[in-house]
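Notes follow once the structure below has been shown.
Excluded from the calculations below are hydrogen atoms, water molecules and symmetry mates; all remaining heavy atoms, backbone and side chain alike, are included.
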Amino acid sequence: PSQLLALNMVATTNKPPFNQNQDTHSECKNQATKLVEMWEEREKLTSFVSTKLSTIAPNMCALVGPEISARLLAQVGSVKQLVAVPANNLQVIGKDKSRPLSFGYIADCDLVRVVPDDQLSEYKKNAVRLIAAKLAMAVRADFLHSHTDGSFGCSLRQEIREKLEKLTEPLPYKIDK
C-alpha cells in the first residue's frame, strides 16, 4: 500500500518527473490510478471471502487465517475433500515444485513466519508439520460442525504458539561438576 501511495503521489505532481513528456506522465498517472483501484478491489474481495469462509470453516480460519484457508480449499475443492487429506500431505499443498526446499501454503501462516530461519529451516519444517497436524484436526471439526464459533481453532492456535516458543528456546546450559 505504501508503494501505491508513493507511485500515485509521483504521478499526480504538477510537473512530470524525470523530464518526461506529457503523454508519459498521463499514462503513468492512469496506471497508478488503476493500481490503486485494483488494490481496493483486492481488499474488498479478501473481506468478502473472510466473512463467508468464517461461516464455512471457522476453526480453520481461526488457526491459519482466512487467506490460507481459502487457498487450501481452492486447491483441494471442499471441506469434505480436505478432511480426506492426511496432515503430511496438507503441509505440501501449494508447494513450489521448482524449489526443492519450499513449503506449501501453510508456510505463509503468521505462526511460521515468526520462526527463525536457522539450521537449514529445521525450525520451519517443524512448525509447518505441527500446524499441518493441528489443521487436520480443525478441518475435521469444521466438517462435523462442532465448535462453530471457532473456539477449537483458537485453542489449537494457542497450543501451537506455546509449542513453537518451547521449540525455539535455547537449550539450558549444563554445568559439569
So among Lys95, Lys125, Gln91, which one has a side-chain contact (heavy atoms from CB on, under 4.5 Å) with Phe103?
Lys125

Which atom of Val64 lies closest to which atom of Ile68, heavy atoms considered:
O-CD1, 3.6 Å

In this structure, would Val92 and Val128 fall into the same cluster of hydrophobic residues linked by side-chain contacts under 4.5 Å?
no

How many angstroms lie between atom CG of Asn126 and atom CD1 of Ile131, to the nearest 0.5 angstrom?
11.0 Å

Spacing of Thr33 atom OG1 and Lys29 atom NZ [to the nearest 0.5 Å]:
7.0 Å

Step by step, work out the salt bridge (charged side-chain N to carboxylate O under 4.0 Å, His left out) result for Glu159 and Lys163.
CA-CA 6 Å; Glu159 189 178 323; Lys163 286 184 179 182; 3.6 Å; yes

Closest non-hydrogen contact found for Leu73 with Ser78 is CD2-C, 3.6 Å

Atom pair CG/CG of Asn59 and Leu144 - distance to nearest 0.5 Å:
10.5 Å

Heavy-atom closest pair (Ala127 atom, Leu164 atom, distance to 0.1 Å) is CB-CD2, 3.6 Å

In terms of heavy-atom contacts, Leu72 and Tyr105 come closest through CD2-CD1, 4.0 Å

Polar side-chain atom of Arg140 near backbone of Ala136 as donor-acceptor pair, under 3.5 Å
yes

Checking Ser47 side chain against Glu43 main chain: does a donor-acceptor pair fall under 3.5 Å?
no

Would a distance-only check, ignoring hydrogens and angles, find a side-chain to backbone donor-acceptor pair under 3.5 Å from Arg113 to Asp108?
yes

Looking at Thr148 and Pro58, what are the two nearest heavy atoms and their distance?
O-CG, 3.4 Å

At what distance, to the nearest 0.5 angstrom, does CG of Leu35 lie from SG of Cys28?
10.0 Å

Measure the OG-CG distance between Ser151 and Leu156 for me, rounded to the nearest 0.5 Å.
9.5 Å

In Å and rounded to the nearest 0.5 Å, what is the SG to CD1 distance from Cys61 to Ile56?
8.5 Å

Looking only at heavy atoms, the pair that brings Leu63 and Leu111 closest together is O-CD1, 4.1 Å

Flag, side chain of Lys134 to backbone of Arg157, donor-acceptor distance under 3.5 Å:
no

Go through Glu41 and Lys44 one step at a time and tell me if the salt bridge (charged side-chain N to carboxylate O under 4.0 Å, His left out) criterion holds.
CA-CA 5 Å; Glu41 285 299 315; Lys44 287 179 190 174; 3.5 Å; yes

Spell out, as yes or no, whether a donor-acceptor pair under 3.5 Å connects the side chain of Asp142 to the backbone of Met60.
yes

